[in-house]
Amino acid sequence: MRAPAEDPPGPTRTPWVARRVRLRRTVRFGAGPEWSLSQLGATGAAMGGVAVYLASLSFAVGGFDALWWALVLLPLVTMAWAGSAAPVVYWTLLLYGWFTLTSAGSFSWWSLPAAAGCVVGHAAAALSASSPPAGSFTAATTRRWVRHTALAFAAAVPVAILAGLLAGRSPGLVPAAYVIGLGGVAAGLWFVRTSPPVERL
Amino acid sequence: MQPWRPHRTATRRLGGWEPTAAHQRAILLAAGGAIVAVVGRRADLLVIVAPLVVAALWGHLVRPRTEVTATARLGDTTLREGSATGVYVTTEPALHDVHGVVTLAQAPWVERKPSSGIAELEDGAATLGLRSTRWGRRRVGTVSVALVSTWGAFRAGPVDLPDLDSATLPVPASFDASAPTPHPRGIVGLNRSNRPGSGSEFNTIRRFHPGDRLRRIHWPVSMRTGALHVTSTFTDEDAHVFLLVDCFSDVGPREGIDGRPTSLDVTVRAAGAISEHFLRSNDRLTLRTVGAAEVPTLGVGSGTNHLRRVLDTLAAISPATERRDTGEHAIRGVDPNALCLVLSPLIDPTMVTLAHTLAARGMTVVVVDTFPEHLVADPSSVYQALAWRIRLLSRDAEVHNLRLRGVPVVPWRGAGSLDQVLRDIARRASAPRMARR
């Protein structure tokens, strides 16, 4: 009798796959796409950022119409378009709100938590856009984004201290501030230009 | 016909790094906020956009400048129904601080693990699981890879990698037969023949002849009679089994290994089970298909390697892809002593005709009825039940005609399905018969 050759693969070769593939839960709202808990967490962080920003603005200007608190829902409403122009639109609206509600030449220390809310909202939307709705983020990725966000926020502290020091000074520095500020903006834009420029087809 | 070669590995470049909406947002808000802050003398606005300035510069400075290549590799290209394997995706070079996402698109009869089919690249590698739930050759879902740099500022991809292929072999149903295979003729099988010779089945005890093996000497009888006697055995022989598989019909909902079987599921799994049984008994087996295009022709063979080839051939079946097939080619050159097993749900009349043709040639033909009972068991639709009833009445008439010709039709019931009919055939072969003089 001949020795049996290698058997065809059997139906029980699954355990290593189960070990190496990480299963994650997803949520579905009605007929929409599946959303991972990580994505919902990122949206929650973006909403928290807007909430902190609005709260800071409220404290800085001594309150505003309660209707504006509905802006907290904007990241939730635009959750499916985190990778589009929607976040820039509502953040422009929020910054415009700060510009209109505060008076020229004033400075409030509440701008510091507002900066935190702004950078958290930006980072959360960017993280959300980096993965499909059902995609999850590992703990390492989340930690990295938190670390980067904290470091970026740290830049607001010296600016706030500098602004706080200069807030009550004479306006003689205004032309110089214009030059320095606009020069900085121009240098920044020159720095982040696309090199070489992107070809338009 | 070109042999089927599954694509196990797929590689593609992800292309250049493009700025994302997040990066453009950071630049716009930072620049716009800074300008408005300076022009409008809003120092606190400058504080608010300062982190965005950092984010924009940081994302720009650390943007990846190398082109990345993604590779997807399938763990196993040959699976069994219900078994799982993995898709390993790697990127070269593995970039630090780059967030990568791998997506495996949905494909029929492929379950993804995780069910979203999305995995995150960790250190440039990710693993996705997939489970094949139905036999056949198919592409697993398209793998696409996207990488995003620090701060989500630049993106490469998503790029679809070339498709990967896999073959899923049918899981044979449980089958065993205790009855002998009719017409054994070879020299290597496990079937007892009527000829004395080297084998394992006891025949008689006879006097020693020159050439007999010494270990066959029966010492008690030799001592008693005073002359050397040996144990004589019947030779072991192998039979030839010819499987004819009906690929015309695939009736019923296709629910895979976890659901109810279609008629072709039953046929293919039964063919696999019967092949496994006879090939493990060292019988020779030929498999032919009717009604399926591009199925490779399989010659006669035996053993486990041939079983693998049979299962591969069964996996290559695409139902009803050659409706003009009359089956004449399939039954050409069949060994006249072969046991012909026709596996069919007997929906298409071609298979009934072929069974009649084989029987008319004087061959031993058994029709294995693979019609799944659950198709007519569902009383939810009155009209469907009525239609089935009419069709089954017509089918019963065809089955009756086959039986009148002496072709047994046995329903597929798994283990022991063929015992009774094979015993009847063996008995019929040894029974007295009329002969023309």
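Hydrogens, waters and symmetry mates are skipped; everything else that's a heavy atom, side chains included, is used. By convention in this document, chain letters (A, B, ...) are assigned in the order of the sequence lines, proteins followed by strands, and residues within each chain are numbered from 1.
Interface summary for chain B: among A/A126, A/A156, A/S130, the most heavy-atom pairs under 4.5 angstrom belong to A/S130. Highest contact tally toward chain B, considering only A/A155, A/P132, A/A60, is held by A/P132 [criterion: heavy-atom pairs under 4.5 Å].
Of the atoms belonging to B/R155, it is side-chain heavy atoms, and not backbone ones, that fall under 4.5 Å from chain A. With a threshold of 4.5 angstrom between heavy atoms, A/T149 approaches chain B through its backbone and through its side chain. Residue contact with chain A, scored on non-hydrogen atoms closer than 4.5 Å, is absent for B/V53. Neither the backbone nor the side chain of B/A37 comes within less than 4.5 Å of any heavy atom of chain A. Proximity to chain A (any heavy atom under 4.5 Å) is shown, for B/S132, by neither the backbone nor the side chain. Looking at A/A85, neither its backbone nor its side chain comes within 4.5 Å of chain B, counting heavy atoms on both sides. For chain B, no part of A/A140 is nearby; none of its heavy atoms comes within less than 4.5 Å. Heavy atoms of B/V102 lying under 4.5 Å from chain A are absent altogether. Of the atoms belonging to B/V47, heavy atoms from both backbone and side chain fall under 4.5 Å from chain A. For B/I48, the parts lying near chain A are the backbone and the side chain together; criterion is any non-hydrogen pair under 4.5 Å. With a 4.5 Å cut-off on non-hydrogen atoms, A/S84 touches chain B through its backbone but not through its side chain.
Residue-level contacts of residues 110-118 of chain A with chain B, in order of numbering, are A/S111, A/L112, A/A114, A/A115, A/C118; threshold 4.5 Å between heavy atoms. Using a 4.5 Å cut-off between non-hydrogen atoms, the part of residues 90-99 of chain A that approaches chain B consists of A/W91, A/T92, A/L95, A/W98, A/F99.
B/R25 places a side-chain N or O within 3.5 Å of a backbone atom of A/H122 that can act as its donor or acceptor partner. Looking only at distances, no side-chain donor or acceptor of B/R42 sits under 3.5 Å from a matching main-chain atom of A/S106.
Residue-environment remark: CG (B/D123) stays at or below the threshold of 12 foreign heavy atoms within 6.0 Å. More than 12 heavy-atom neighbours from other residues, nucleotides or ligands sit within 6.0 angstrom of CH2 on A/W109. Surrounding CH2 of B/W109 are more than 12 heavy atoms belonging to other residues, nucleotides or ligands, all under 6.0 Å away.
A donor-acceptor contact closer than 3.5 angstrom is absent between the side chains of A/S136 and B/E120.
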Steps toward side chain to side chain contact (heavy atoms under 4.5 Å, CB included) verdict (B/D97, A/H148): CA-CA 11 Å; B/D97 271 1; A/H148 290 178; 4.0 Å; yes
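Between A/W145 and B/W151, the ring planes lie perpendicular to each other; the angle is over 60°, past the 30° to 60° tilted range.
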